[in-house]
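Numbering starts at 1 and runs along the sequence shown.
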Amino acid sequence: LTLLATVVYADSSYNEGSQGDLSGNRNAPSTFALTPGQNRLTATSVRGDREYVTLAIPPGYQLEQLIVASYVSSDAVAFAGMQAEVQFTEPPTGTNQANLLGYSHFGLGNLGTDILDDMGAVTTTIGFTAPLPSGSYTLWLQQAGTSTTTYSLDFMVGPTIKAPLYREEIDGDLSGDRQHPTKRTLAVGGNLVTAASVR
């Protein structure tokens with residue numbers, strides 16, 4: 001099966017350097033309305049500077065990945081915690097992890113990787129399985145060390161509904177010839193291939 005793809009999506013971004021400081025108030029977070037495709041959040045933090053931002057995932061879409069796009073600091077890691085709320089109910093001191101949807105540390109060791117699964121897998125939290133469905137989720141971001149840290153996080157949003165790309169029971173058998181594979185062009189959004197196979 002040969003897949004031909006054209007990348008077409010809307011990008012959105014928030015950069016503290018040009019758009020202002022993210023809220024440090026967990027009861028009144030900044031809002032970052034996510035759009036289909038890549039959504040980049042760039043922030044600078046240091047010990048005592050907490051960032052609270054509510055992610056708004058539109059209906060019909062889901063958060064599929066949270067990628068650490070960049071990380072510049074002499075400190076090894078920063079922290080990201082999440083709740084399924086429009087506010088962050090847990091205080092930064094004495095946090096009850098059982099009330100968090102999930103959390104993760106991230107840094108140079110995570111560059112280019114998706115940490116959404118890691119956040120959901122922490123056993124002391126409520127936990128979740130990615131992708132996250134549409135709705136509002138609030139992030140608590142902070143750097144515990146004394147080194148000023150600048151990072152970018154990419155929130156990758158895709159459609160909840162996957163369009164059928166090829167269904168063997170309707171479209172016929174996929175090619176078994178590696179020299180002449182079946183060709184299909186990917187549509188914007190999710191693409192679903194359904195097939196049956198045996199040795």
**OP:** Check whether Leu132 and Leu100 end up in the same hydrophobic cluster, where Ile, Leu, Val, Met, Phe, Trp and Tyr are linked by side-chain heavy atoms less than 4.5 Å apart.
**Re:** no
Original post:
Would Tyr61 and Ile67 show up in the same hydrophobic cluster when neighbours are defined by side-chain heavy atoms closer than 4.5 Å?
Top reply: no
Subject >> Taking every non-hydrogen atom, the tightest pair across Tyr71 and Leu111 >> reply: N-CD2, 3.6 Å
Subject >> Minimal non-hydrogen separation, Gln87 against Pro29, with atom names >> reply: CA-CG, 4.1 Å
**OP:** For Thr149 and Ser73, work out which heavy atoms get closest and say how close.
**Re:** OG1-OG, 2.7 Å
**OP:** Measure across Ala33 and Asn39 and return the closest heavy-atom pair with its distance rounded to 0.1 Å.
**Re:** O-OD1, 4.3 Å
**OP:** Would you check, one step at a time, whether the test side-chain contact (heavy atoms from CB on, under 4.5 Å) holds for Phe155 with Leu153?
**Re:** CA-CA 6 Å; Phe155 300 88; Leu153 302 173; 4.0 Å; yes
Original post:
Taking atom types as modelled and ignoring hydrogens, do the side chains of Thr89 and Gln83 form a donor-acceptor contact shorter than 3.5 angstrom?
Top reply: yes
**OP:** Flag yes if Leu139 and Met156 sit in one hydrophobic cluster, no otherwise; membership is Ile, Leu, Val, Met, Phe, Trp, Tyr, and two members link when side-chain heavy atoms are under 4.5 Å apart.
**Re:** no
Subject >> Spacing of OG belonging to Ser30 relative to CD belonging to Glu16, to within rounding of 0.5 Å >> reply: 8.0 Å
Original post:
Between Glu90 and Asn96, is a side-chain contact (heavy atoms from CB on, under 4.5 Å) present by the stated rule, with each step listed?
Top reply: CA-CA 7 Å; Glu90 287 300 307; Asn96 183 351; 3.4 Å; yes
**OP:** Taking atom types as modelled, find out whether Ser70 and Ser152 have a side-chain donor-acceptor pair closer than 3.5 angstrom.
**Re:** yes
**OP:** Taking all heavy atoms of Val68 and all of Ile115, pick out the closest pair and write down the distance.
**Re:** CG2-CG2, 3.9 Å
Subject >> From CA spacing to verdict: side-chain contact (heavy atoms from CB on, under 4.5 Å), Leu41, Leu55 >> reply: CA-CA 11 Å; Leu41 177 69; Leu55 308 172; 5.7 Å; no
Original post:
Do the rings of Tyr52 and Phe88 sit parallel, tilted or perpendicular, given the 30° and 60° boundaries?
Top reply: tilted
Subject >> Beyond-backbone contact of Arg47 with Gln143, side-chain heavy atoms, under 4.5 angstrom >> reply: no
Subject >> Tyr103 and Thr125: CA distance, side-chain angles, deciding distance, side-chain contact (heavy atoms from CB on, under 4.5 Å) verdict >> reply: CA-CA 8 Å; Tyr103 74 85; Thr125 66; 3.7 Å; yes
Original post:
Is any side-chain heavy atom of Val193 less than 4.5 Å from a side-chain heavy atom of Glu168?
Top reply: no
Subject >> Joint cluster assignment, Phe106 & Tyr14, ILVMFWY side-chain distance < 4.5 Å >> reply: yes
Subject >> Taking every non-hydrogen atom, the tightest pair across Asp75 and Thr146 >> reply: OD2-N, 3.4 Å
Original post:
Does a donor on one side chain and an acceptor on the other come within less than 3.5 Å for Thr31 and Thr54?
Top reply: no
